[in-house]
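In the text below, chain A, chain B and the rest are named by the order of the sequence lines, each starting its count at 1.
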Protein chains: 2
Amino acid sequence: MAGTRLDAIDRKILAELQADGRMTNVELAKRVGISAPPCLRRVRTLEDSGFIKGYHAQVDSRELGFEVQVFAMVGLVSQAEADLTAFENLCRSWPLVRECHMLNGEVDFILKCVAPDLSTFQSFLTGQLTSAENVASVKTSLVIRGAKDEPGVPFDILEERLSRTA
Amino acid sequence: MAGTRLDAIDRKILAELQADGRMTNVELAKRVGISAPPCLRRVRTLEDSGFIKGYHAQVDSRELGFEVQVFAMVGLVSQAEADLTAFENLCRSWPLVRECHMLNGEVDFILKCVAPDLSTFQSFLTGQLTSAENVASVKTSLVIRGAKDEPGVPFDILEERLSRTA
DNA sequence: CGTGAAAAGATTGCCGC
DNA sequence: GCGGCAATCTTTTCACG
């Protein structure tokens, strides 16, 4: 499961589905150069083995009324493993927190948050995040504007790297 | 286009497709409580009007060989508009940079980067990012582990908020 | 992996509200 | 404007080589 090797076709499938996750299987099969049935079998295998974790429509958050996007840097009082996972679980329970990553360096976690407006975010910040158990410090930065937002990974780099090794 | 109002069915469609972007249209229609043809028409309209910006398979970056994920905080020398957009365009040209957001506060931009390994990232950091025109400072933080990574927006919050207003 | 056939889904046109 | 029905075409899916 972990170290499973993917061949060139599998990687092409992943790249295509990352770029357009709603492509039909026949179209996908055509692009990767095999017929539809084996192509679908590969996709199922990639899903089952966890290489594909899901499919998501990318929505326009601002158009939908989420005007505010914020990065929050969080420092904890205790970095004991139990306290780290406790904070992670807290983040998972907060809908406004879309991403939570543990970092090295001065700060312990970075959170990406969205909110309909500033006051909603402020009340979350003061009422939930800053006042949560074990949270020592929170520094927030508002996103003024987004310049790039590409989900996933650059498959070009992967292929380039593989062709150098091969 | 901009201020177009969505009804409850449209919002349900968006929520469902955000959760599972590869759902069939009949399944989607069943879930939102209308028949397939009007459901498909709504989806097309949502795509054309930009509420849906695309569909993407979510891949496991680590399994795919992108072991390194880094947040980079970038400060620029000049924050004149032309210099800001120049830096944004630079970020768009770098495959390792997946996200670039302009921030308020001390730092000008936050970048989310991925790389196959540390040395690849380091050479990007020193060779491209730090040495780019107009870049004054770069502070990087390695992601030790990911705790939450939900694309999109919390539709629950949206509905809750709309029901309070209604 | 491919072929072929059967089932399911997508899509269009038309009707009524 | 909206959704539903029915016909048609495409895609998915399975059995088999």
Parallel, tilted or perpendicular, as decided by the 30° and 60° cut-offs, for the rings of A:F109 and A:F87: tilted
Atom-pair distance (CD1 on B:I13; C1' on D:dG3), nearest Å: 12 Å
Close approaches to DNA chain D from residues 26-35 of chain A, in residue order (heavy atom, under 4.0 Å): A:V26
Secondary-structure notation, DNA chain D, from Watson-Crick and G-U pairs under 3.5 angstrom (| other strand): |||||||||||.||||.
Stepwise salt bridge (Lys or Arg N to Asp or Glu O under 4.0 Å) test for A:D149 and B:K53: CA-CA 11 Å; A:D149 192 3; B:K53 297 195 282 188; 5.8 Å; no
Rounded distance in Å - CE (B:M23) to P (C:dA10): 11 Å
Residues that B:L40 engages under side-chain contact (heavy atoms from CB on, under 4.5 Å), provided they are two or more places apart: B:N25, B:R44
Check: B:V97 main-chain N/O paired with B:R92 side-chain donor or acceptor under 3.5 Å: no
All salt bridge (Lys or Arg N to Asp or Glu O under 4.0 Å) counterparts of A:E67, not counting sequence neighbours: none
Per-nucleotide protein contact string for nucleotides 11-17 of chain C (B base, S sugar-phosphate only, - none; heavy atom under 4.0 Å): SB-----
Whether A:H101 and B:F71 hold their rings parallel, tilted or perpendicular, with breakpoints at 30° and 60°: tilted
Side-chain donor/acceptor of A:T140 to backbone N/O of A:A72, under 3.5 Å: no
Contacts of type salt bridge (Lys or Arg N to Asp or Glu O under 4.0 Å), residue B:K148, not counting sequence neighbours: none
For atom CG of B:L17 and atom P of C:dA10, their distance in whole Å: 11 Å
Over 12 foreign heavy atoms within 6.0 Å of CD, A:Q79: yes
CD/B:E159: more than 12 non-hydrogen atoms of other groups inside 6.0 Å: yes
B:R22 CZ to D:dT12 C1', straight-line distance once rounded to whole Å: 11 Å
